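This one's a predicted model, so the numbers in the text were calculated from it and none came from an experiment. Proteins get letters first, then strands, A, B, ... in listed order; numbering begins at 1 in each.
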Number of protein chains: 2
Amino acid sequence: MAVTIKDVAHASGVHVSTVSRTFSAAHLVNPETRARVVAAANALGYRPNRAARALSTRRTGNLGLIVADIANPFFPPLIKAAQAHARRSDHHVFVADTDEQVRAEEELIRSMATQVDGALLVAPRLSNRLIAELSADVPFVVVNRQPANLPAVLMDVASGARQALEHLVSLGHREIALLTGPRASWTNQRLERAATDAAEHHGLRLHRLGPNQPTEGGGAGAAPGVLASGATAVLAYNDLVALGLLQELRGRGLAVPGDLSVIGVDNTHTARHCGLTTIDMPTAAAGRAAIDLLLRRITSEDAPGTVTLDTRLVVRGSTAPPADGFQGP
Amino acid sequence: MAVTIKDVAHASGVHVSTVSRTFSAAHLVNPETRARVVAAANALGYRPNRAARALSTRRTGNLGLIVADIANPFFPPLIKAAQAHARRSDHHVFVADTDEQVRAEEELIRSMATQVDGALLVAPRLSNRLIAELSADVPFVVVNRQPANLPAVLMDVASGARQALEHLVSLGHREIALLTGPRASWTNQRLERAATDAAEHHGLRLHRLGPNQPTEGGGAGAAPGVLASGATAVLAYNDLVALGLLQELRGRGLAVPGDLSVIGVDNTHTARHCGLTTIDMPTAAAGRAAIDLLLRRITSEDAPGTVTLDTRLVVRGSTAPPADGFQGP
DNA sequence: GGGGAAACTGCAAACGGTTGCATGAACATC
DNA sequence: GATGTTCATGCAACCGTTTGCAGTTTCCCC
């Protein structure tokens with residue numbers, strides 16, 4: 001029922017191969033013939049069948065985008081940018097959600113492998129070994145993770161973390177809690193590292209509390225530990241954790257930033273509206289960069305590169321000088 | 001290089017058709033043979049090629065999900081739910097974003113039509129005529145729109161709107177502004193209708209202001225009109241508009257809910273954390289229901305149905321009695 | 001033990017494109 | 001005017017799977 005290349009060939013009086021070339025290698029066909037074919041195709045409403053094309057070219061024109069949790073406001077801007085950017089090169093994007101589960105992630109990649117030209121893994125939790133193994137089946141580009149020999153886009157939270165601690169120091173904080181995230185998270189590792197270094201540099205006490213679930217629940221659950229630690233400021237693994245903590249603290253009658261300062265990571269839509277001081281992650285730029293790398297990797301087998309994007313602190317209303325006024329010696 | 005049905009056939013000493021049947025019509029093959037084939041397939045790591053399968057079955061196993069703006073926090077929960085639900089039936093989902101543009105929407109549908117078995121249109125802005133025309137190419141299910149003869153899932157904002165106005169009445173408000181959204185939006189039409197009826201029923205004055213862009217910018221831009229209207233409470237088209245308005249008002253030194261009460265629509269993640277009173281939209285349930293309808297429509301040609309889901313008011317901190325204390329006569 | 005049904009498997013033609021090779025025409029070169 | 005090139009097109013095999021049809025075997029029943 002659908003219009004095929006055969007119908008177009010018949011209507012324009014040429015062989016199917018000429019029609020095929022008109023659309024996939026236009027320079028090989030005489031301009032006049034081409035015009036006739038195109039006219040016939042338009043008249044009939046011809047659209048190439050991508051499955052058929054995929055079968056002979058071994059190129060589907062599809063990409064996979066695998067994230068931990070679509071509903072986590074960190075991801076949508078990245079998804080939006082990646083998808084829009086891919087479309088410019090006539091690629092469609094499968095979006096899938098692993099629900100933060102490693103098993104689901106692997107199975108998802110395997111099931112997608114057969115029908116995409118490449119995939120974007122955003123902050124994958126898979127082991128490096130498994131990532132390497134799976135990358136034999138599909139070209140990958142990884143975001144916020146740095147496996148050997150794979151192209152990666154990194155949003156380096158370190159620069160933002162340094163700015164965050166400087167900000168807290170300048171406000172007079174000396175005891176800071178770090179709510180860590182999942183162990184397997186590259187961002188978490190960088191964050192811990194950068195915070196530890198910066199704390200040492202500034203002579204601060206850093207209380208590491210975690211690992212916490214990267215959700216509001218994780219943040220809420222961390223409240224007792226934070227209060228027990230005696231810290232006057234908190235740097236949380238991400239905005240969700242920060243917001244969860246914030247809500248829990250307010251529920252206990254504490255004021256933010258009056259009694260405690262809180263800083264998140266991601267600069268999500270929610271953080272912007274709730275007045276949360278946070279570290280901005282360039283998600284949209286990362287999505288575009290990752291698609292660029294992926295397409296490059298697919299078309300030419302050139303060496304994989306790594307793109308690193310900077311982050312920066314955005315100061316809003318959830319940080320202030322500590323209540324007890326330790327403004328220095 | 002990839003393992004095909006042929007390799008499996010060779011390894012297990014049967015014809016390719018038997019291998020094919022093992023995976024697509026298992027009851028047609030002898031249990032012992034089947035076991036041998038499955039063993040060989042596993043040993044070789046065989047995965048069926050979906051493009052090839054699509055070519056002969058005319059079923060791709062893919063669905064399209066088309067939304068106005070992935071980064072609008074209304075959509076991600078729906079996308080997440082739809083995608084997860086589709087996966088349970090071994091379907092993959094293309095997600096695409098029209099950026100609120102009608103032209104993009106049409107082109108997107110056309111380009112996807114050739115490689116999906118069906119598509120979900122969420123709150124499409126296309127004309128009914130065009131929707132009908134395009135639905136000849138692909139089975140559609142529409143969310144928050146009600147074109148003739150198409151299956152639809154509706155989140156009926158009317159029930160929530162009634163509750164919202166009752167809530168405002170009970171607080172003592174008498175003059176209410178309604179910030180309307182895009183004309184082509186079904187939700188907007190229902191909202192206007194329900195608010196008008198409820199206002200009449202309660203003897204309220206309703207100031208309709210709009211249409212506004214369904215974004216924070218739209219809400220901020222509406223602030224002067226709201227203030228000029230003399231309304232003491234606002235019902236906004238969605239949470240983004242409400243939050244944009246809220247920010248603008250606070251920027252002008254006004255207090256919410258002290259000077260003005262604000263109610264949004266959607267119950268987004270952001271609204272939850274910012275303490276915005278809003279109307280909850282059952283987005284996840286709608287996503288699942290829509291996928292169900294779509295798969296049913298694809299597999300059996302039965303009559304399209306319409307599913308209507310209720311909405312309800314969620315009271316938070318952005319509503320309070322009016323400043324001037326009109327608590328009744 | 002012969003006829004027929006049922007169960008299983010193989011054969012080969014699709015599905016809708018792409019592409020290496022062959023053919024033929026037009027044209028330039030010496 | 002024979003030879004070589006270039007350009008445009010047709011031919012046909014192929015991509016990996018499905019599926020209608022036909023053949024073979026097994027089994028049942030009279």
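Between atom OG of residue Ser89(A) and atom CD1 of residue Ile291(A) there is a gap of 8.5 Å, rounded to the nearest 0.5 Å. Atom CG of residue Leu65(A) and atom CG of residue Leu121(A) lie 9.0 Å apart, to the nearest 0.5 angstrom. With rounding to the nearest 0.5 Å, the separation of CE in Met155(A) from CG in Asp266(A) is 8.0 Å.
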- Under the side chain to side chain donor-acceptor pair (under 3.5 Å) criterion, do Asn62(A) and His91(A) qualify, and how do the steps go? CA-CA 5 Å; Asn62(A) 299 332; His91(A) 285 259; over 6 Å; no

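You'll find the side chain of Phe140(B) reaches within 4.5 Å of the side chain of Ile131(B), heavy atoms only.
Between the CZ atom of Arg34(A) and the C1' atom of dC7(D) there is a distance of 13 Å, rounded to whole Å. To the nearest angstrom, C1' of dG16(D) lies 14 Å from CZ of Phe23(B). Rounded to whole Å, the distance from CG on Asn30(B) to C1' on dC27(D) is 14 Å. In this entry the distance linking NE2 of His10(B) with C1' of dG16(D) reads 17 Å, nearest Å. Taking atom CG of Leu28(A) as the reference point, atom P of dG10(D) lies 13 Å away to the nearest angstrom. We find that NE2 of His27(A) is positioned 14 Å from C1' of dT9(D), with the value rounded to whole Å.
Panel note: side chain Arg50(A), backbone Pro48(A); no donor-acceptor pair is recorded below 3.5 Å.
Note on Val19(B): nothing from the nucleic acid sits closer than 4.0 angstrom, heavy atoms only. Ser20(A) comes within contact range of at least one nucleobase, with a heavy-atom separation under 4.0 Å.
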Pick out the pairs of N or O atoms, protein on one side and nucleotides 21-23 of chain C on the other, that lie under 3.5 Å.
none

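Near DNA chain C, defined here as any heavy-atom distance below 4.0 Å, the residues from residues 45-63 of chain B are Leu55(B), Ser56(B), Arg58(B), listed numerically.
In this model, the phosphate group of dT9(D) is not approached by any side-chain N or O of His15(A) to a distance below 4.0 Å at OP1 or OP2.
A side-chain donor from one of Ser17(A) and His15(A) sits under 3.5 Å from a side-chain acceptor of the other.
When distances are taken from the side chain of Ser17(A) to each of dG17(C), dT19(C), dC15(C), the shortest belongs to dT19(C).
Here the closest non-hydrogen pair linking Thr283(B) and Pro77(B) is OG1-CB, 3.6 Å.
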